[in-house]
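Notes follow once the structure below has been shown.
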Amino acid sequence: NANRMWGGRFQMSPSEIMEDINVSIEFDKRMAFEDIAGSKAHAAMLAAQGIIGAEDAKAISEGLDRILGEIERGEFEYSRALEDVHMNIESRLKEMIGEPAGRLHTARSRNDQVATDFRLYIRACIDAFDVALRNLQHALATKAAAHAGTIMPGFTHLQPAQPVTFGHHLLAYVEMLARDRGRFADARKRLNECPLGAAALAGTSFPIDRHATAETLGFDRPTANSLDSVSDRDFALETLSAATICALHLSRFAEEIVIWSTPQFGFIKLSDRFTTGSSIMPQKRNPDAAELCRAKVGRIAAALQSLAMVMKGLPLAYSKDMQEDKEVTFDALDSFRLVVAAMAGMVEDMEPVPATMHAAAGAGYSTATDLADWLVRELNLPFRQAHHVTGAIVATAERRGVALENLTLDEMQAVENRITKAVFSVLSVENSVKSRSSYGGTAPQNVAKTAADWVARLETE
Ligand code: ARG
């Protein structure tokens with residue numbers, strides 16, 4: 001039998017189809033680094049516990065280091081017959097150092113091995129995401145600080161609603177990303193227990209020290225139940241869930257970038273670095289990066305679904321179904337990393353066009369709420385009545401085809417005769433945003449302070 005790892009009781013080699021459906025080396029080879037780290041920790045522990053000899057452990061460790069070198073230099077030859085990364089590496093170790101290699105798998109199974117590798121791999125991704133998300137937050141907060149007073153329309157239903165500032169809009173995403181980072185950090189906490197030593201499913205009769213391997217590999221503690229250790233992938237589901245939610249946030253921002261960069265809106269200019277041209281229409285400048293960020297959430301959310309469906313109904317403990325955890329997860333994590341990096345690049349480079357934003361902010365009677373609030377404050381009208389009066393004034397302005405502030409006092413008094421010329425002071429977009437100084441509101445002073453706080457906080461991280 002070609003498979004020297006488990007071929008003892010077999011007379012025939014697997015069918016080609018068996019190999020095709022079973023093989024995972026093409027995708028799990030990216031866990032080679034984690035696999036080697038896990039094996040080194042395991043071998044050192046086995047020696048420290050007197051389960052294998054110190055010489056053998058040394059040979060194993062040195063051999064694994066050499067294999068790592070081969071992998072890094074692209075010299076390692078992966079074999080499909082050896083199924084997965086675990087057996088490829090162990091088999092190469094056997095070629096290199098001979099008999100001691102066979103002692104490495106004492107008190108271990110591929111089941112706890114793969115669970116450990118996968119956790120280590122995802123943990124590294126989470127750590128990288130945290131840095132990348134921090135960088136994106138920093139780019140947003142820095143832009144927000146520069147545009148704390150840059151007025152733009154705020155929308156509901158994508159209809160002009162009330163003026164806000166560009167900085168305020170960007171800071172909304174800084175808040176979302178802070179919660180996203182919290183979700184990843186939370187997932188990491190639960191992920192960070194070490195399954196190594198759970199063996200196939202029941203633990204082992206060898207006097208291993210699971211606390212030692214857990215510590216060597218940077219885990220907080222060993223997992224407590226051997227069956228649970230090898231049979232759950234909730235850590236991957238949680239990470240994919242955090243990635244999905246964050247990617248959803250970013251897809252909304254990507255959509256806004258697409259809209260804002262149209263000539264019709266013209267709120268922002270994207271840089272050449274994050275746009276592409278058309279092969280037929282010379283004038284085009286397409287926001288492809290934003291569109292792809294908007295789209296990638298599809299496969300990230302799908303990976304979460306996919307893994308959930310793989311896990312559904314699996315009896316304890318390990319089943320080969322679980323090998324299907326990796327491709328979708330890796331694809332989703334790769335996509336997510338790209339999305340965050342592309343968003344950060346776009347934000348850093350994007351140039352808002354304040355004049356266009358300002359003009360749009362005043363369109364669509366966006367200070368009508370300010371007028372209604374004035375009627376409440378100055379004339380003591382109940383808000384509902386003020387709303388009604390304002391609606392009638394808006395209708396007048398609409399009939400005349402002018403902005404609210406271009407109506408005459410007479411025209412306003414025709415609707416409500418107690419209105420005075422003081423009302424005009426609240427009809428400008430500047431005064432509108434300035435007045436929104438409630439906690440968390442869009443007043444430029446608020447935004448400037450919050451943006452500065454964020455920048456300072458992110459820079460001490
Ligand atoms: N390649 C396998 C996986 O990804 C490793 C574990 C295999 N264990 C087993 N008993 N067949 O899940």
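First listed ligand is number 1; within each ligand, the first listed atom is number 1.
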Answer yes when Glu459 and Arg134 have at least one side-chain N-carboxylate O distance shorter than 4.0 Å, and no when they do not.
no
Is it true that a side-chain atom of Ser261 and a backbone atom of Leu270 form a donor plus acceptor pair closer than 3.5 Å?
no
Check this for me: does any side-chain nitrogen of one of Asp117 and Lys326 sit under 4.0 Å from a carboxylate oxygen of the other?
no
Residues passing the ring-ring contact (aromatic ring centres under 6.0 Å, His included) test with Tyr78, sequence neighbours excluded, are Phe76
Listing request: all ring pair (Phe, Tyr, Trp, His ring centres under 6.0 Å) pairs with a residue in residues 289-319, at least two apart in sequence or in separate chains.
none
Go through the structure and list residues passing side-chain contact (heavy atoms from CB on, under 4.5 Å) with Glu19, not counting sequence neighbours.
Arg80, Ala81
With the criterion set at N/O pairs under 3.5 Å, what does the list of contacts between the protein and ligand 1 look like, atom names and distances included?
{"unit_1": "ligand 1", "atom_1": "1 (N)", "unit_2": "Asp84", "atom_2": "OD2", "d": "2.9"}
{"unit_1": "ligand 1", "atom_1": "1 (N)", "unit_2": "Gln323", "atom_2": "OE1", "d": "2.7"}
{"unit_1": "ligand 1", "atom_1": "4 (O)", "unit_2": "Lys326", "atom_2": "NZ", "d": "2.5"}
{"unit_1": "ligand 1", "atom_1": "8 (N)", "unit_2": "Asn111", "atom_2": "OD1", "d": "2.8"}
{"unit_1": "ligand 1", "atom_1": "10 (N)", "unit_2": "Asn111", "atom_2": "OD1", "d": "3.1"}
{"unit_1": "ligand 1", "atom_1": "12 (O)", "unit_2": "Tyr318", "atom_2": "OH", "d": "2.4"}

